[in-house]
Structure formats: structure tokens, C-alpha cells
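Have a look at the structure that comes next, please.
Chain letters run A, B, ... following the sequence lines, proteins first and then strands; every chain starts at 1.
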Amino acid sequence: MEAKDALGMPETIHKVAGVRVRFAPSPTGYLHVGGARTALFNWLFARHHGGVMILRIEDTDAERNKPELVQGIIDGLQWLGVDWDEGPFYQSQRTELYRAAAKKCLSNGSAFLCYCPADKYAGGDYAEPPAQDEEPKGGGPRRVTRCSCRDGKPSTQGAKPAIRFKVPVGGTTKFVDAVFGEREFSNDEIEDFVLLRSGKGDEEFGQSMYQLGVVVDDIDMRITHVIRGADHISNTPKQVLLYGALGTTPPFFAHVPLILGADKSRLSKRHGATDVNMYRAEGFLPEAFRNFLALLGWSAGGDEEFIRTKDLIGKFSLEGVSRTNAAFDRPKLEWFNTQYLQKLPIEDLLPEVEKELKGSGLWKPEWAARAAPGADGRDHAWFSKTVDLLRPRVRLLPDFSSWSRAFFSDEFTRDAAAKEKFWKDPKVPELLAKLADALQKLTEWNHDACDHTTRAVAEAGGVKAGLLINATRVAIVGQAVAPPLFDTMVVLGQQRVVRRLRDAVAGFGQA
RNA sequence: GGCGCUAUGGUGCAACGGUUAGCACGCGGCCCUUUCAAGGCCGAAAUACGGGUUCGAUUCCCGUUAGCGCUACCA
């Protein structure tokens, strides 16, 4: 006998060998965070089971597609670290497959030629046009299409027909969903949906419609688990019917809840960035973003939240997927990012910082892993130590180029607000000058030596150490906010610190 | 409008008939302190509402309400 789980589904739905899943975006926009999460779940599932991940581009609507957007989607996936084993396949190049399938449905009586005018909703079977996705929803009564062409009479001469699926009258269509359980839909609620568009010009038929394309491809690509957004739940019975018409058994379905905006309404630009590439541009760490996304609509069951990707893969299961839509909570994403910035093994963080510095032109090749030290003695070890010093305060990657600039470059400016805040005491110039003298004499350059020297100068000058410390920070890194001063001094080096102090003192004379 | 899905603090998740309803983000306070973070401690904050079922409901059932989804020759 077969083992069943809590939902009464075969145990095998959760651990099948030979798993094949796919992510099937449509190039009508960028990679949306919702799509990214779907891609991630598919990927985690595939990797967890040692299965195959497929990328398929669903570009069957020539009018809405923008081929140039495909690259953006691919870039987004790559940044996210979601890779695939097969594809990308383009549905626009598989037209014959769909036409053959549609004709098969035609010949076995599960579809019919529809001569209704292609210009929307003019067919008369609709009481009125479907509400477009705008605010004033509702509207008058609308009913399900039972197309009058289904009995094969009109055959308006000359007009090119589309192929519609002949949905059974009466009865129900059911399927098993790994997250929502058993679902059953009344066939009378399902319209006679279009399989193949009517042909244009001298074409017999046009491109496939979504329902046909997914099913034909999922069969052809031997997809075992269809993991997609919950917005497809109501499409599923149509597809199940199609599987039957094509003589095959449907795969397992797993619909994952949607990601909504902070106010729980449909996620839109109004809520902030919805394009994954925007998060890359802002400087989030991909692994942090992945961790955050994974926890939107899924949990391993426990309380852990900081879960590195390899553990995500180990723990991922469809059983942990929630049925509730989740709100995209940006503050939490930022928290994940700072957590990763701090907790990542330094070797894992360094490459990201390197990319950032290269992008801002601050990178020096001698900081690379096996490069020889630069003229100033800085090498990979220095770079690593510096990044390590900086990272507790960094929130986004670009911080390494902005307020951290003075650590990587001698060309930096001193923040006006910082000067205003910490240089206002009239004794500052003199103190900084004395500190420069004292530090220059040091024969050993380390944290404690800097510490003692600075405090001694402060004491001799009759001020609290904090005053000198803060003033010095502004002088040598130009920022009010920076790592602890003496660690900073060590990393910058004696020469630079002294030079910057003197430079700062000189600046007072001019101002 | 029809059909469907969902409903634990503001947010993300735990608790899958019996807990003082747990964790995290965010928020407030305190500690630490050399700026700012980080970190530590403390605190405010939830089972949408109404009916059932049960010895006992956050948990199971029904209704209401709300949100979301689908309702195209879009995907």
C-alpha cells in the first residue's frame, strides 16, 4: 500500500527521483521579485532532489514580447545564483509542436475551430468585456464562454479560425496540489479557451496560447513538478483537461502564494522596486536576497532565519510552503543584508567588495588574492583586514565606495557635517598637529601605540580623549561614522595617518 | 458580478486539539561605548468576527467580513 501524508497525497510527491522542474518567465517585463521567488523555489527543489532545472521563455505573444528583456531576466537569475541545466528554450521557436498538438485535439474531438472575430469580446458569447486590471473592478454580470462554434456549424467562409478547447459540459476536473491539497473545479466554470490563435496573412494558424504552450512543453520536457505562482490555480483545471486530451497524465502541481506589497495589496512599483535587478544595483548581496526571498512563503519549520544557501537547499521542501500571500518587507531584507555583511566568511564577502570597488574605480590589482603587494605595502591580506574592519557598519555594497572611500583611496573629501560636528572646538588644529608629531615619532605602529599616543596628546592638551579621537577620525577618513579609530589608524598606516593629519591642519589655515 | 484561494502582533514565520501562543524584522527603553553600527537585556504588540463540533479550540466545520487571484486570439 501507498504511504500518504497529511494531505492525503502520495508520499512520493515530496521525494521523487528524477525531478524535473522549470521556470517559465514571459519577456513582457523585467524579472519581478515574485517571479524570482518562484524561480528560487523551483531551483531549491531541483537542487534538493538532485533534479533538473529548466529555463523556458514563454514568448508566444508577439505583440507583447520584448526580446531584449530576456537578457535582463537572465541577468537577474544569474545574479540571484539560480542556474539551470537545460535551456533557455523559446516557445516562439517551437510553434510546430503546438500546432501539432492543437490539431491532435481537433482530430480527437476535444477541440474545435472557432470563427468568432478575433477582436476581443466581440463574439457575443461574452456579456461584456472582462474588467481590465484596473481599479473600477466588478461591473455587470459576466458568464463563462460556451462558444457557439463548438458544434461545428458557422464556418464563416474566408474567415480564419482559431482553435478552442471543447470543455466538457457538466462534471468536474480535479487535481492534487502539493501545497493546497486536492482541488476540484466545476467544468461549467471553465470557458472554451483558445489553444491556437487564428492565422494572419497566409498562415493557417497563429501562435500558441499560454495554456497549450505550457502543457505541450511540460509534457515534452518531462516536467515532474510544476511549481508556480498561485495565480495559476484557476488555470490548472484547463491544463489538466488538456493533459487528458493529449493522452497524458498531469505532473504534480505546487502553487506558491503570491508576494504582495507592504500594504498587502498587489505588489507594484508604488511599493518600491519590484525588479530584481534594482536590488542588485542597490548593492544587496545575492545570498542575503535569496535567504530573504526563500522565507517569503516558506519556512523550514523552526525558528532559524539566517540560512545559507546550501542549507536552504538541504531544508527545502514543498511541505514547508505556506498558503498565505506574503508582504514584501524591505526593512527585513535590509536586516538580512547587514547580517550577511557581518557573518559571511570573509572569503565569501571579498569578491563582492572587489566587484563594487571595480565598479567605482577604486580597485587596485595588488589587492587580489595572489598578487604582489603594491608600493605602499598593501596586499590581499591588507584588503581582507580592511574589509573586515569596515563591514560591521556597511549596509549596502556601495558603502564600500562611498563613506569608506578614504580606506581605499587617498583622494577623498571630508564631510562638511562631520567637520561641523567634531572640529568645532578651537583647540582642534593644534591638537591634530601635536598628534601628527607624536605619531610620526612612533617606531611601532599598532593599535595600542596609537591608543596611548592619542590619549597622551589629549591629556597634555587638557581635553577629553573623545574629543581628539573624533576630530582625528574626521581628519583621516573624512567621516563622522567610521570604524574604531585605532584600528583605522593601523589599517591606514603611519605615513598616511600623519600625512592626512597635517593636511587637515593645513586646511584650517586656509579656511 | 461569477468562480477560487487565504486569514496568528504592523511585517515574515512557529505552535499541525491541551503552550503563561514562540522566534525574527520593525518600534520604545536600558547596557556597552571613541563616532556610528553591531551586540546584550527589557518592553509594547496577535489567534478578523459570529456560530457550531469537542471535556477542551489558534488548530476541525459553516457563515460573515476583508485581502488576493482567475474570469483575453495576455502569460
Original post:
Going by the angle between their ring planes, with limits at 30° and 60°, are A:Phe185 and A:Phe175 parallel, tilted or perpendicular?
Top reply: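 Parallel.
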Subject >> Exercise: identify the closest heavy-atom pair between A:Gln479 and A:Ala418 >> reply: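 Looking at all heavy atoms of both residues, the closest pair is C-CB, 4.0 Å.
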Original post:
Looking at residues 329-342 of chain A, who's got a heavy atom less than 4.0 Å off RNA chain B?
Top reply: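 Contacts with RNA chain B under 4.0 Å: A:Asp329, A:Pro331, A:Lys332, A:Trp335, A:Gln339, A:Gln342.
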Subject >> Under-3.5 Å donor-acceptor pair between A:Asp231 side chain and B:A75 base >> reply: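 When only heavy-atom distances are counted, A:Asp231 does not reach the base of B:A75 through any donor-acceptor pair under 3.5 Å.
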Subject >> Candidate nucleotides B:C68, B:C13, B:C23, ranked by approach to the side chain of A:Asp303 - the nearest >> reply: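 Given the options B:C68, B:C13, B:C23, the side chain of A:Asp303 is closest to B:C23.
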Original post:
Can you list the residues that meet the side chain to side chain donor-acceptor pair (under 3.5 Å) rule with A:Asp303, with sequence neighbours excluded?
Top reply: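 If we apply the side chain to side chain donor-acceptor pair (under 3.5 Å) test to A:Asp303, skipping adjacent residues, there are no hits.
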What N/O pairs connect the protein and nucleotides 57-65 of chain B at under 3.5 Å? Give each pair on its own line.
none

Original post:
Got a donor-acceptor pair under 3.5 Å from the side chain of A:Ser234 to the base of B:C3?
Top reply: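 A donor-acceptor contact between them is absent.
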Subject >> Contacts of type side chain to side chain contact (heavy atoms under 4.5 Å, CB included), residue A:Lys66, not counting sequence neighbours >> reply: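 A:Glu68, A:Leu69.
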Subject >> Dot-bracket encoding of pairs in RNA chain B, which uses [ ] for pseudoknotted crossings and | for another strand, Watson-Crick or G-U under 3.5 angstrom >> reply: (((((((..((((....[...)))).(((((.......)))))....(((((..]....))))))))))))....
Subject >> Side-chain donor/acceptor of A:Arg323 to base of B:C5, under 3.5 Å >> reply: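 A donor-acceptor contact between them is absent.
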Original post:
Where along residues 475-490 of chain A does a heavy atom come under 4.0 Å from RNA chain B, residue by residue in number order?
Top reply: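 Of all residues in residues 475-490 of chain A, the ones placing a heavy atom under 4.0 Å from RNA chain B are A:Ala480, A:Val481, A:Ala482, A:Pro483, A:Pro484, A:Leu485, A:Phe486.
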